[in-house]
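Convention: sequence-line order gives letters A, B, ...; per-chain numbering from 1.
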There are 2 protein chains.
Amino acid sequence: MFFSIGDLARRTGVKVPTIRYYEARGLLDAPLRSAGNQRRYGQAELERLRFIRHARDLGFSLGAISSLIELQEHPDRGCETATRIAQDQLEAVRQKIGRLRALEAELERITAGCTGTGVSRECYVLASLADHELCDHDHAPMDG
Amino acid sequence: MFFSIGDLARRTGVKVPTIRYYEARGLLDAPLRSAGNQRRYGQAELERLRFIRHARDLGFSLGAISSLIELQEHPDRGCETATRIAQDQLEAVRQKIGRLRALEAELERITAGCTGTGVSRECYVLASLADHELCDHDHAPMDG
DNA sequence: TGTAATCTCTCTAGCGACTATAGCTTCAAG
DNA sequence: CTTGAAGCTATAGTCGCTAGAGAGATTACA
């Protein structure tokens, strides 16, 4: 019926310290404790943690996940917020993909220009980094 | 001839505290100082910082950039390391793109299944997150 | 030369989402 | 009843910055 934090970790693939971290962040409610002060979980916490894990895997922030959980706790509320969070996430993912594809193209070009057999002075990788003129595009900074 | 940290920031697009951070991290050498202890930069530092900025824009870590700079400082060394760093980065970018595309597909599916007009209880977004069975794929965690 | 506005200095703390460590206590198996 | 794994709290570290405090330096203009 009740299981330990280690069992919960095994069942969800979320590491033990991460589970405690989620509790501290308020994503998981504080669970029951054993006589010796160890956490004891049940089915509800298991499902909650799977929800969190799934959302994390999809790249949602813990803040966004908090909002989603809050909504889940109030089944009578409208779901515009949930939909918007998911759409925002989709948009963010698409933007990341776009930027990464630009980086990919530039890195391909740079690495293709260098056999790796020469001397640093003549290295096309280093030259490309030193001189932005050798670039085709402006590439914007990424957040990851 | 010599210019301030603010000038350097304007010329490179790198923020002032970031420049100081790079210096603390050893990516930039400690520059000359004015009589009043303010940093004074010249052409060499400008080029170095542009190199760093360009590499950051391409997603290289500061550690990788350190290695690239070290290589740049020793023009007689072979450039295999530089080439490998760039190839590793390319590979990392490609893997990120792959994972993001899986997330994109899943988020598209989830958001398409929900009009956002219903009630939280019936929300397809929330249902999808709660029940991994509603997923087509296993999606792996991302680092960003 | 005075003064005001802007810039720069160092230092510390915070972000997000964990991860690692230390030093201790509890639990489960044999 | 002992041993070893697993759990507890609390703190600090990761990465690449960013923000703020409170002080001092420089510059523009009168």
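Atom CG of B:Leu8 and atom C1' of C:dT8 are 14 Å apart (whole Å). With rounding to whole Å, B:Arg40 atom CZ is found 11 Å from C:dC9 atom C1'. When the C1' atom of C:dT19 is taken as reference, atom CD1 of A:Ile19 falls 14 Å away, rounded to whole Å. For A:Arg10 and D:dA5, the CZ to P distance is 13 Å, given to the nearest whole Å. Between B:Phe3 atom CZ and D:dA25 atom C1' there is a gap of 19 Å when expressed in whole angstrom units. The CG atom of B:Leu27 sits 13 Å away from the C1' atom of D:dC15 (whole-angstrom rounding). Straight-line distance from the CD1 atom of B:Ile65 to the P atom of D:dC17: 8 Å, rounded to whole Å. Straight-line distance from the CG atom of B:Asp7 to the C1' atom of C:dT6: 13 Å, rounded to whole Å.
In summary, B:Glu45 and B:Arg39 do not engage in a salt bridge, as defined by a charged side-chain N under 4.0 Å from a carboxylate O. Ion pairing between a basic and an acidic side chain is recognised when a charged N comes within 4.0 Å of a carboxylate O; B:Lys96 and B:Glu91 show no such pairing.
Counting non-hydrogen atoms under 4.0 angstrom, A:Tyr22 reaches the backbone sugars and phosphates but no base. Residue contacts shown for B:Arg33 are limited to sugar-phosphate atoms, with no base heavy atom under 4.0 Å away.
If you find the closest nucleotide of DNA chain C to B:Val16 and to A:Pro17, the one lying nearer the 5' end belongs to B:Val16. Between A:Tyr21 and A:Asn37, the one whose closest nucleotide on DNA chain C sits nearer the 5' end is A:Tyr21. Map B:Ala35 and B:Leu62 each onto its nearest nucleotide of DNA chain D; the residue landing nearer the 5' end is B:Leu62. When the nearest nucleotides of DNA chain D are assigned to A:Arg20 and B:Ser61 by heavy-atom distance, the more 5′-ward of the two goes with A:Arg20.
Side-chain atoms of B:Arg109 and B:Tyr124 include a donor-acceptor pair closer than 3.5 Å.
Remark: B:Ser4 is in phosphate contact with C:dT8, judged by side-chain N or O atoms under 4.0 Å from OP1 or OP2. Look at A:Thr18 and you'll find a side-chain N or O under 4.0 angstrom from OP1 or OP2 of C:dT19. Neither OP1 nor OP2 of D:dG7 sits under 4.0 Å from any side-chain N or O of A:Arg39. For B:Ser34 and D:dA25, the shortest distance from a side-chain N or O to OP1 or OP2 is not below 4.0 Å.
With a 4.5 Å cut-off on side-chain heavy atoms, A:Leu46 and A:Tyr41 do not count as touching.
Comparing C:dA17, C:dC27, D:dG16 by their closest approach to the side chain of A:Arg56 singles out C:dA17. For A:Arg25, counting side-chain heavy atoms from C-beta on, the closest listed nucleotide (C:dC27, D:dT26, C:dA17) is C:dA17. When distances are taken from the side chain of B:Lys15 to each of D:dC8, D:dT18, D:dA25, the shortest belongs to D:dT18.
For the pair A:Arg11 and A:Phe3, the distance from NZ or CZ to the six-membered ring centre is under 6.0 Å and the angle to the ring normal is within 45 degrees.
Interatomic distance, A:Thr111 OG1 to A:Glu106 CD, rounded to the nearest 0.5 Å: 10.0 Å.
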